[in-house]
Amino acid sequence: MVFLLPILVFAGLLVGLTVALSVAERVLINYGVCKIDINRGDKILEVDGGQTLLSALNESKVFIPSACGGRGSCGHCKITVRAGGGPVLPTETPFLSRAQVRAGVRLACQVKIREDIEITIPEDLLNVQMFTAEVATTRLVTHDIVEVLLALKEPAEISQRPGQYVQLQAPSPEGPVYRAYSISSPSYEKDTVELIIRLVPGGIGSTYAHNLEVGDATVLTGPYGEFRLSEDPDVELVCVGGGCGMAPMKNIIYTVYERWPDRKCWLFFGCRTTSDIFYLEEFQELARKHPNFRVVYALSDPLSPEERWDGETGFVHLSVDKHIEPGGAKRSAFLCGPPPMIEAVMKVLADKGFTPEDIFYDEF
Amino acid sequence: MGVITVGEVLRRASEFECRLMNFYLDLAEHATREGVRLLTDYMARHRQRLAEALERFPEQEYRRISELPIRYEPASIDDSCFEERELPPDATAADVLDKAVELDECLVALYRHVLQQETDPAVRDLFESLVRSEEKDEIRLKKIKAMNYF
């Protein structure tokens, strides 16, 4: 007890000092009400100075994507500050290229509002909404991947494009956090949002999602993401996914075949073992209805004696290389998976004549 | 604890990064699993965070801070980081990614050692940026592991 006393006194002093500093900051450094001008007058907000730009925007229901709760470790909350943001902080530079710094791109969570500020954000972000929803179904599609269907309550409908994502709110000891998940349900299903989530040991979002039960209430924001599916039905689509990077592909493919039943489309999906395969039968069924849809699954681990597999083996970029013809046809590719997979597939596609503008990727 | 220059600390960090790159290249060459070969080849080619951070740093400012003195504890970065981190040729991608996170933490420890001291604001900015870069990389490595692709 005698030894504990100085520690407790020291800890108490530290806590007291912290409280005093934050009170002093609020009382002595009063920035007053500041204006945020979004997209050159499209929207003007009046907010209390002293808070971060990210929290001020969120409070005003302008939802900027962020997966780290404003700690500056995810780099998702990029926006362009035209005036009033102060200098770029060292906490931001690892997430910004030199060209972005020159263009005024900042991390909204690191910009403190001290004066009126002018920002530019993608038009789409002004349409992002916060939804309440109820879990309609949950289904394990592999040993560690769950498919969760959320029935939207308020608002009751979402207008989303294939390739877009939502941020699901999950509880944590430090308060609610948001985690980004691609929407796997097709865009014509307006009243539901389906997500496909792999369980990451210790992961806050994935553990929450895997424990959801039918009837549970959830909160999400969205839709986010800039991908736009080519509206030209003559453009052939090449979708390549790896690991659990399936959700955006599922959305794209079902949306495409509802609108253009004869459109040419490939789905390449790479995983390690037969136990990691999911949705293969559904896609094979779709391919029977739409002969221009081709499905190729590839397994990268050597087959164990008890595994039965007559599909392709090896990494998915090798399958892409095998099946995609070189040439100048109108084509567009959407990739989703870990960065080394994306890099390998992009190299193959470049060799086949795809230009960087033809390729969109969702890097985990 | 001795005193060296900031430039010398950065040179040692650069040597560490170079060694790290060679560690991945060596794994890429000897790995028995194709996935580990692909992964480590990628990691070796993208292990240039110090150079990237310095590229963003104004050259004149870099020259100035390079000459500044800083207290340095030799044990803050040395061979012990690589000791017991040898991986067998049949190591899995998960093993490699776990080791990569540990090695990143060695660099973070060195950078934090500098940040614990009273330093020039520009030095602080540079090392804070380096810590963030390494933390960002750790998150990326953990995400790759979570994808279970390799």
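The figures that follow rest on heavy atoms only: side chains count, while hydrogens, waters and symmetry mates do not. Everything numeric in this text was worked out from a predicted model, so none of it was measured. Residue numbers start from 1 in every chain, and the chains themselves are labelled A, B, ... in the order their sequence lines are given, proteins ahead of strands.
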Region of [X] in contact with chain A, defined by heavy-atom distances below 4.5 Å:
X: F127(B); result: neither
X: E52(B); result: neither
X: A146(B); result: both

Shortest non-hydrogen separation from [X] to [Y] and the atoms involved:
X: S73(A); Y: I139(B); result: O-CD1, 3.4 Å
X: G35(B); Y: F315(A); result: CA-CZ, 3.3 Å
X: Y149(B); Y: S300(A); result: O-OG, 3.8 Å
X: R71(A); Y: R132(B); result: O-NH1, 2.9 Å
X: G242(A); Y: M147(B); result: O-CE, 3.2 Å

Answer yes when R45(B) and E343(A) have at least one side-chain N-carboxylate O distance shorter than 4.0 Å, and no when they do not. yes
Atom OG1 of T313(A) and atom CD of E34(B): how far apart are they, to the nearest 0.5 Å? 11.5 Å
Between H317(A) and L38(B), is the side-chain contact (heavy atoms from CB on, under 4.5 Å) condition met? List the steps. CA-CA 11 Å; H317(A) 64 280; L38(B) 282 171; 3.8 Å; yes
Looking only at heavy atoms and a cut-off of under 4.5 Å, which of G72(A), G243(A), P94(A) has the most pairs with chain B? P94(A)
